[in-house]
Every structure is written in structure tokens, then in C-alpha cells.
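Just below is one structure, and these are the notes that go with it.
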Number of protein chains: 2
Amino acid sequence: MDDFLTLLVRAHKLLQAASDEAMSRHGVRIGQNLILEALWETDGLTPGEVASRARLPITTPTIVNTATRMEAAGLLTRRRDPNDGRLVRLYLTDRARAARQPIKEARRRLEEHATATLTDEERDHLRTALTKILQQLGAGQADSGGEHG
Amino acid sequence: MDDFLTLLVRAHKLLQAASDEAMSRHGVRIGQNLILEALWETDGLTPGEVASRARLPITTPTIVNTATRMEAAGLLTRRRDPNDGRLVRLYLTDRARAARQPIKEARRRLEEHATATLTDEERDHLRTALTKILQQLGAGQADSGGEHG
DNA sequence: AGAAGATCGTTAGCTTGCTAATGAGACCGT
DNA sequence: ACGGTCTCATTAGCAAGCTAACGATCTTCT
């Protein structure tokens with residue numbers, strides 16, 4: 001029996017590969033998903049804003065580099081902020097906006113497929129366990145906002 | 001509430017970072033762990049053998065590149081196989097062998113720490129769920145060897 | 001024996017992530 | 001107004017992973 005670390009790394013690897021393949025069919029790579037999600041929500045964010053709003057922690061240089069590839073791929077354009085010359089704002093192209101629903105669907109289906117053999121209870125347990133691990137590792141500053149004690 | 005994919009990616013990221021930090025204190029980086037584990041077990045494997053024996057799937061080019069870094073770091077030496085000129089055999093240095101127990105310990109402690117707030121039952125559930133996901137995603141060719149039905 | 005094919009390690013070139021260093025621009029105090 | 005500081009994006013350089021292409025060697029078939 002493998003240790004927990006190994007199981008998690010293997011599951012992660014397979015899921016990332018499957019995600020990348022699924023999104024590639026829509027002209028988007030796995031590393032671009034965080035930026036897309038942030039800009040789908042709020043277009044015209046700066047790299048720093050994308051980094052801080054992203055669903056999971058990512059550094060600004062990574063955003064910048066990925067944005068450059070996305071620009072080359074025709075997924076977004078850069079525009080200097082007229083009011084503050086330091087800022088660069090990222091705007092999605094129509095192509096990137098059109099990919100929104102298909103990609104969300106594809107990811108939803110992937111998640112569904114991956115957990116297809118789990119019971120609802122097992123899915124709950126999995127969520128609970130991962131959440132506890134995240135909290136234990138210091139990622140407690142998450143979305144739930146219930147630290148009252 | 002985040003989706004399962006996000007939880008898993010976040011947990012993976014934190015655990016990888018923590019692993020890397022822990023192993024760095026012993027002069028080893030996270031990417032070198034698979035090679036070390038294979039060579040601790042059987043010294044003198046070829047890159048291809050390491051790739052196929054590793055605890056999780058990894059390609060030969062990755063082994064080769066990582067081995068180059070490990071050679072530079074004084075963790076292993078390359079030696080041509082005298083019987084087959086195509087093969088290159090990787091041999092650990094004393095330094096790499098000495099790191100075996102400390103690193104195993106460090107990883108065990110990390111896993112223990114990460115799952116410290118889980119009950120035994122929750123740990124079981126987590127294992128079960130991850131294993132099911134791996135099987136569903138086609139990684140069923142694993143170690144347990146119990147596919148009799 | 002010699003050509004064709006298979007099997008290796010390696011290299012090239014890419015993506016994704018990181019930290020540290022740079023440089024441009026804004027802001028604040030004097 | 002101007003010098004220092006702070007705040008941005010970017011660049012540089014690294015690690016770790018991948019696929020595809022390459023070159024050397026071994027095997028096999030005639």
C-alpha cells in the first residue's frame with residue numbers, strides 16, 4: 001500500500017494531465033486556467049490583482065509569463081492603465097470569452113468522471129479530509145471565513 | 001466551497017513545497033526523491049530502469065535531467081555499462097546514501113503532520129477515495145495486485 | 001558479414017512554477 | 001520641486017515535468 005503523499009501526487013498528476021488535455025481541445029492550456037477564471041469574473045485586472053484573486057496561490061511573475069503566452073495565443077491583450085503608468089491591465093479577447101462555458105463544462109465533467117465510483121458520502125469524506133489537511137498546513141485563510149474562536 | 005479539483009491541487013502544492021523544504025535541509029530537492037528511492041533500493045540502475053521502477057510514473061528524459069543535477073550536486077555518478085554500451089548506470093555517492101534515513105523520517109513526519117487533525121477513520125476514507133479515483137482514471141495497474149474478478 | 005531494425009541515453013524545446021533582481025512610475029515629506 | 005521610498009510589472013535564472021527528435025549501440029535477419 002502506498003503512502004498518502006504518493007497517492008495524492010499520483011491523483012494530482014493524472015488529473016492535471018486530463019485537465020490539460022481537455023482544455024487543449026479549446027485552445028487553452030492548464031496553466032492559463034487561473035488567469036482565465038479571474039478575468040472571466042472581472043476583465044481588465046492587473047497581473048498582481050489576478051495573482052491575489054486567483055482561486056489558488058500563484059505568484060505575479062507566473063501570471064506575467066503565462067499572460068505573455070496567452071497574448072501570443074490570441075487569448076488576451078495588454079493595455080497600460082491611463083491613470084497609473086505602473087499598472088498593466090489584461091483584457092480577454094472574444095476567443096477567450098467564448099471558451100468560458102466549454103471549459104467550465106469540460107472541467108465539471110472531468111471532476112464528475114474522476115469521482116464517478118465514489119458514493120456521495122465518500123465524496124464528502126474526501127472533501128473534509130482535504131480541507132482539514134489544508135487548514136493544518138496553514139492554508140486556513142480560505143473562503144469559509146468562520147474563525148470565530 | 002471550492003470544487004474537489006481545487007482542493008486537491010492546493011493540498012498538493014502545499015505538500016510539495018513542504019517536502020521540498022524538508023528535503024532541502026538534507027541537500028536534496030523534491031524532484032530527486034524518486035531517483036533516490038529507486039537507487040536506495042537497487043543501486044546501479046539505468047535511467048530507463050529508474051523510470052519504470054519509480055513509485056510514480058516519470059519519463060526517462062526527466063530522470064536524465066535530474067540525474068545531471070544530482071551528479072553536479074555530488075549525489076550520484078554515471079558509469080557506462082561494460083556489457084552494453086547503450087546503458088548508463090547510476091550509482092549513489094556516500095552522501096546520497098547517508099541521506100536515506102533522515103529524508104525518509106522527514107517525509108514520514110510531514111505526512112503525519114499534514115494528517116494530524118484527521119481521525120484514523122478519516123485517513124482510511126481519504127486513502128480509499130484517492131485509490132478509487134486513481135483506478136477510475138486508469139492507474140489501476142498499481143501495487144495491490146488483486147484484480148481477480 | 002552487413003544492412004535493417006530495435007533499444008538505449010541524451011538533447012532540444014516547450015510549459016509551469018518559484019525566488020531574486022531590475023527598472024519604471026507614483027507618492028510623500030521636506 | 002525634488003529625493004527617497006514604495007509599488008508595480010518585468011526579466012533572469014532555476015527546478016521539474018513533458019514530447020519529439022537524434023545518435024549511438026546492440027540485435028537480428030539474410
Side-chain angles (χ1 to χ4, degrees), chain A residues 9-10 12-21 23-24 27-36 44-73 75-90, chain B residues 9-10 12-21 23-24 27-36 44-52 54-73 75-91:
Chain A
V9 170
R10 280 185 24 197
H12 174 264
K13 197 169 185 172
L14 285 172
L15 283 167
Q16 288 292 100
S19 292
D20 191 41
E21 198 207 323
M23 299 202 309
S24 288
V28 171
R29 298 295 304 272
I30 178 75
Q32 307 172 349
N33 193 46
L34 285 178
I35 300 186
L36 280 179
L45 292 175
T46 67
E49 285 169 346
V50 172
S52 64
R53 291 196 193 197
R55 206 163 23 76
L56 40 105
I58 195 87
T59 64
T60 305
T62 298
I63 303 289
V64 168
N65 289 332
T66 304
T68 301
R69 282 190 289 270
M70 291 173 77
E71 201 174 14
L75 290 169
L76 58 78
T77 60
R78 281 179 160 96
R79 224 174 303 155
R80 207 104 219 166
D81 187 303
N83 295 24
D84 187 337
R86 294 168 301 182
L87 305 183
V88 163
R89 305 214 160 264
L90 307 175
Chain B
V9 170
R10 278 184 28 193
H12 174 264
K13 196 168 186 175
L14 285 172
L15 283 167
Q16 287 292 99
S19 291
D20 191 40
E21 198 207 323
M23 299 203 309
S24 288
V28 171
R29 297 296 303 272
I30 178 76
Q32 307 173 348
N33 193 46
L34 285 178
I35 300 187
L36 280 179
L45 293 175
T46 67
E49 286 169 345
V50 172
S52 64
R55 204 163 24 74
L56 40 105
I58 195 88
T59 64
T60 305
T62 298
I63 303 288
V64 168
N65 289 332
T66 304
T68 300
R69 282 190 289 270
M70 291 173 77
E71 202 173 13
L75 289 169
L76 59 77
T77 60
R78 279 179 162 96
R79 223 175 304 157
R80 207 105 220 164
D81 186 304
N83 295 23
D84 187 336
R86 294 169 300 183
L87 306 183
V88 162
R89 305 213 162 264
L90 306 175
Y91 297 95

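Here the structure is a predicted model, which means the values were calculated and not measured. Below, chain A is the first sequence line, B the second, and so on; all start at residue 1.
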Segment of DNA chain D, first to last nucleotide, that comes within the 4.0 Å heavy-atom reach of chain B:
D:dA15 to D:dC26
Heavy-atom contacts under 4.0 Å between residues 50-64 of chain A and DNA chain D, which residues?
A:Thr60, A:Pro61, A:Val64
Using the side-chain contact (heavy atoms from CB on, under 4.5 Å) criterion, which residues pair with A:Thr60? Sequence neighbours excluded.
A:Pro47, A:Ala51, A:Val64
When you compare the side chain of B:Val28 with that of B:Asn33, does any pair of heavy atoms fall below 4.5 Å?
no
Between the CG atom in A:Leu45 and the CG atom in A:Leu76, the distance rounded to the nearest 0.5 Å is 11.5 Å
Could you tell me the separation between the CE atom of A:Met23 and the CG atom of A:Leu36, rounded to the nearest 0.5 Å?
7.5 Å
Heavy-atom check, side chain of A:Arg80 versus side chain of A:Leu87, under 4.5 Å:
no
Heavy-atom side-chain proximity of B:Thr46 to B:Asp81 below 4.5 angstrom
no
Please compare B:Thr68 and B:Lys13 by the position of their nearest nucleotide in DNA chain C and report the one closer to 5'.
B:Thr68
How would you list, by chain and number, every residue that makes a salt bridge (charged side-chain N to carboxylate O under 4.0 Å, His left out) with B:Arg69, sequence neighbours excluded?
none
Remember a base hit wins even if backbone is also touched, and classify B:Arg78 as base, sugar-phosphate or nothing at under 4.0 Å, heavy atoms.
sugar-phosphate
Taking for A:Asn83 and for A:Arg29 the nucleotide of DNA chain C with the nearest heavy atom, the one nearer the 5' end belongs to A:Arg29
Does A:Arg53 have any salt bridge (charged side-chain N to carboxylate O under 4.0 Å, His left out) partners at least two apart in sequence or in another chain, and if so, which?
none
Which two nucleotides bound the region of DNA chain C that has atoms under 4.0 Å from heavy atoms of chain A, read 5' to 3'?
C:dT15 to C:dA26
Write down the atom of B:Thr66, the atom of B:Gly31, and the distance for their closest heavy-atom approach.
CG2-O, 3.6 Å
Under 4.5 Å between any side-chain heavy atoms of A:Arg89 and A:Glu49, yes or no?
yes
Distance from B:Lys13 atom NZ to A:Ile58 atom CD1, nearest 0.5 Å?
4.0 Å
What does B:Thr46 touch in the nucleic acid at a heavy-atom separation under 4.0 angstrom: a base, only the sugar-phosphate, or nothing?
sugar-phosphate
Please work out if B:Arg89 contacts a base, only the sugar-phosphate, or nothing of the nucleic acid, heavy-atom cut-off 4.0 Å.
nothing
